[in-house]
Amino acid sequence: MIAETTPAIVGIVNRTDQHVPFQSGTEQAENGTGSGVIYQVSADAAYIVTNNHVIEGATEIESFSL
């Protein structure tokens with residue numbers, strides 16, 4: 001059972017735009033990480049269930065296989 005479900009577990013990286021002191025503009029920085037489970041896959045998207053605190057405030061979200 002574990003071998004069958006493991007591919008559905010993914011890592012998630014929360015990236016946010018952060019102001020750079022003494023410079024104009026922002027840069028993107030990793031703000032947090034967590035995990036999620038792939039709930040559904042369609043032709044053009046994958047739906048992942050995770051906790052709100054993992055993605056809260058994100059400018060960009062990246063997922064990767066564990």
Inset, instruction - For the pair Q18 and T26, evaluate side-chain contact (heavy atoms from CB on, under 4.5 Å) and give the outcome as yes or no after the intermediate values. - result: CA-CA 5 Å; Q18 297 183 349; T26 60; 5.9 Å; no
Inset, instruction - Quick one: pull up CD in E27 and OG1 in T16 and give me the separation to the nearest 0.5 Å. - result: 10.0 Å
Legend entry - Hydrophobic cluster membership, I61 vs V54, 4.5 Å side-chain cutoff: yes
Legend entry - Under 3.5 Å donor-acceptor, N14 side chain and E56 backbone: yes
Inset, instruction - Establish whether V13 and Y47 are linked, either directly or via other cluster members, by ILVMFWY side-chain heavy-atom contacts under 4.5 Å. - result: no
Inset, instruction - Measure from the side-chain N and O atoms of T50 to the backbone N and O of S35, and report whether any donor-acceptor pair falls under 3.5 Å. - result: yes
Inset, instruction - From the options V41, I12, V37, I9, select the one residue that forms a side chain to side chain contact (heavy atoms under 4.5 Å, CB included) with I48. - result: I12
